[in-house]
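The chains referred to below are lettered A, B, ... by the order of the sequence lines, with proteins before strands, and numbering in each begins at 1. Note: hydrogens, waters and symmetry copies are ignored here, and every other heavy atom, side chains too, is used.
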2 protein chains.
Amino acid sequence: MGSRSTVKRADALRSIDAIVTAAAECLGENPEASLSEIARSAGVGRVTLYAHFASRAELVDAAMSRAIDRGNQALDAVDLTGDPLLALARYVEAGWHLVDQARALLVAAQRELPPGRIRELHSGPAARVETLIARGRAEGAFRTDLPIAWLVNVLHSIMHSAADEIRAGRLTSEHAADHITATVLAAFTPPGKPVPEPDAGA
Amino acid sequence: MGSRSTVKRADALRSIDAIVTAAAECLGENPEASLSEIARSAGVGRVTLYAHFASRAELVDAAMSRAIDRGNQALDAVDLTGDPLLALARYVEAGWHLVDQARALLVAAQRELPPGRIRELHSGPAARVETLIARGRAEGAFRTDLPIAWLVNVLHSIMHSAADEIRAGRLTSEHAADHITATVLAAFTPPGKPVPEPDAGA
DNA sequence: AATAAGTCGAACAGCACTGTTTGGCTTATG
DNA sequence: CATAAGCCAAACAGTGCTGTTCGACTTATT
């Protein structure tokens with residue numbers, strides 16, 4: 001689905017880009033932002049917006065897809081090989097930031113998009129973490145007494161909550177990554193084994 | 001604030017109760033539930049609802065307050081003395097259930113109520129956990145390298161995420177408490193000390 | 001320069017919700 | 001049993017959004 005006609009004109013592409021950007025921005029601040037607001041913020045008429053996106057859902061989907069794409073690109077640059085503990089730390093360092101930005105956008109997506117679509121969009125990042133955790137388990141670094149899906153969930157939920165804490169002013173972005181890594185590494189440690197000390201990396 | 005006139009009549013009290021109950025129920029399923037829906041579900045006219053609650057916010061506040069009260073009562077029955085690890089396990093056992101029920105209600109509250117009010121309502125349960133964690137730290141059972149507020153946050157955010165997982169069908173309420181406790185106990189373990197094995201309690 | 005594509009403001013219709021009023025009815029309570 | 005308190009349906013006004021249509025204007029493309 002998409003380009004019905006042969007090709008889009010340059011200014012149309014520019015408009016579309018501005019709209020999606022503005023959508024990500026507005027919905028990021030307020031998940032209930034109206035299409036009028038978004039159009040205004042994009043420096044574009046409301047009608048133009050409807051000319052490119054048939055419904056609110058379609059726009060939210062586009063904004064979310066772009067955010068995920070950007071995130072995937074950023075995550076591609078992260079080295080997830082070597083010591084699973086350090087790899088996980090690197091992942092957190094790069095990832096919590098993305099989660100922070102996409103936070104409210106996700107809220108909007110959860111309201112407007114069917115749940116299956118959300119999971120579909122998240123499948124990329126999720127797979128990355130899953131394989132990392134699986135490897136860590138195979139090497140004895142991570143616990144095997146809890147399902148992988150649960151561990152993935154714990155990681156993301158802690159990153160999300162850190163984002164909330166920052167917004168509430170109870171946590172500085174300075175310490176966020178450290179706190180998340182310290183917490184998650186401990187949570188992933190197999191029962192009976194000692195919790196890793198922070199001195200290792202950096 | 002509350003009863004302006006001398007006393008409320010019995011049927012009025014019954015209506016109010018039915019409304020608040022229905023509100024908790026409806027908002028628990030859908031945070032955007034309209035006042036009409038709630039009134040209908042309460043078996044009461046829309047006008048009656050407005051007779052008792054001046055605004056939507058007022059009703060949400062009432063529903064949330066009651067849920068918190070109930071939660072506090074349930075938590076009062078939990079023994080938080082003795083081994084901090086076991087005490088925390090008992091807290092989770094009793095608490096995750098409450099979080100599960102109040103989950104969507106909280107979402108509604110976050111939209112309608114000022115953030116300060118939310119924190120105020122949560123101060124009861126929060127204080128409970130805080131003192132438990134503080135005691136566990138003093139006894140060397142919990143880590144001291146992360147702020148207490150962060151640990152409290154981790155606990156609640158994991159309980160919340162478990163509730164989400166259950167609703168998504170990826171986790172059974174059977175295993176929820178076990179997973180949460182296993183995760184949180186590990187996350188709270190001081191660096192260098194071994195993660196507690198699950199065989200202990202039960 | 002011709003034309004198809006794109007943009008825009010204004011205005012329309014439709015919807016759902018909030019909050020209020022009116023007037024008649026039922027019921028708790030003294 | 002009298003009456004004040006409470007209940008309710010219907011109807012109203014007001015708001016803010018979505019999605020569409022229209023006609024005039026501008027701009028990219030060939």
Side-chain angles (χ1 to χ4, degrees), chain A residues 1-23 26-27 29-64 104 107-114, chain B residues 2-23 25-27 29-64 104 107-114:
Chain A
M1 6 108 158
S3 50
R4 153 177 334 275
S5 45
T6 50
V7 229
K8 299 253 179 189
R9 241 172 58 175
D11 53 352
L13 294 177
R14 229 181 304 130
S15 285
I16 292 179
D17 187 81
I19 291 171
V20 175
T21 302
C26 291
L27 295 174
E29 285 168 10
N30 167 24
E32 309 186 52
S34 73
L35 295 188
S36 316
E37 271 180 83
I38 295 175
R40 199 179 336 118
S41 159
V44 121
R46 202 167 64 92
V47 186
T48 303
L49 192 155
Y50 276 105
H52 294 300
F53 301 93
S55 76
R56 180 185 176 82
E58 208 170 288
L59 175 56
V60 172
D61 193 307
M64 193 67 194
V107 174
Q110 279 166 340
R111 287 193 209 178
E112 240 80 40
L113 269 36
Chain B
S3 50
R4 155 179 333 277
S5 44
T6 50
V7 229
K8 300 252 180 190
R9 240 172 60 176
D11 54 352
L13 294 177
R14 229 180 304 131
S15 285
I16 292 179
D17 187 81
I19 292 170
V20 176
T21 302
E25 211 168 310
C26 291
L27 295 175
E29 287 168 9
N30 166 23
E32 309 185 51
S34 73
L35 295 190
S36 315
E37 270 180 85
I38 295 174
R40 198 179 337 117
S41 158
V44 122
R46 203 167 63 94
V47 185
T48 304
L49 192 156
Y50 276 106
H52 295 300
F53 301 93
S55 74
R56 179 185 177 83
E58 209 169 286
L59 175 57
V60 173
D61 193 306
M64 193 67 195
V107 174
Q110 279 166 339
R111 290 192 208 178
E112 241 80 39
L113 270 35

Could you state the [atom1]-[atom2] distance from [X] to [N], rounded to the nearest angstrom?
X     : N      : atom1 : atom2 : value
B:R40 : D:dC8  : CZ    : P     : 14 Å
B:L35 : C:dC17 : CG    : C1'   : 9 Å
A:L13 : D:dT29 : CG    : P     : 9 Å
A:I16 : C:dT7  : CD1   : P     : 8 Å
B:R14 : D:dA5  : CZ    : C1'   : 13 Å
B:D11 : D:dC8  : CG    : C1'   : 13 Å
B:Y50 : D:dA10 : OH    : C1'   : 16 Å
B:K8  : C:dT27 : NZ    : C1'   : 17 Å

Handout entry: Separation between CG of B:N30 and CD of B:E25, rounded to the nearest 0.5 Å
Key =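 With rounding to 0.5 Å, CG (B:N30) is 13.0 Å from CD (B:E25).
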Handout entry: 5' priority, DNA chain D, between A:A10 and B:V44 [closest heavy atom]
Key =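 The residue mapped nearer the 5' terminus is B:V44.
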Problem - Test log, rule side-chain contact (heavy atoms from CB on, under 4.5 Å), inputs B:F53 and B:V20 - result: CA-CA 10 Å; B:F53 301 93; B:V20 176; 3.7 Å; yes
Exercise for the section: For C:dT7, take OP1 and OP2 only and decide whether either is under 4.0 Å from a side-chain N or O of A:S15. Expected result: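 A:S15 to C:dT7 OP1/OP2: side-chain N or O found under 4.0 Å.
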Exercise for the section: Work out which heavy atom in A:A104 is nearest to a heavy atom in A:L27; give both atom names and the distance. Expected result: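 The answer is CB-O, 3.5 Å.
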Practice task
Find which nucleotide of DNA chain C each of B:A57 and A:H52 is nearest to by heavy atoms, and output the residue with the more 5' nucleotide.
Solution key: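 Of the two residues, A:H52 wins.
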Practice task
Could you say whether B:R9 or B:S34 is positioned toward the 5' end of DNA chain C, judged by the nucleotide with the nearest heavy atom to each?
Solution key: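 With B:R9 and B:S34 compared, the 5'-side residue is B:S34.
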Problem - Selected nucleotide, minimal atom distance to B:R56 side chain, candidates C:dT18, C:dT7, C:dT29 - result: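 The answer is C:dT18.
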Exercise for the section: Please identify each residue that fulfils side chain to side chain contact (heavy atoms under 4.5 Å, CB included) with A:V107, with sequence neighbours left out. Expected result: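 Counting only residues at least two positions away or on another chain, A:V107 forms a side chain to side chain contact (heavy atoms under 4.5 Å, CB included) with A:P31, A:R111.
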Exercise for the section: Answer yes or no: is there a side-chain heavy-atom contact under 4.5 Å between A:D11 and A:R14? Expected result: yes
Practice task
Would you indicate what A:R46 reaches in the nucleic acid, counting non-hydrogen atoms under 4.0 angstrom: base, sugar-phosphate, or nothing?
Solution key: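 It contacts base atoms.
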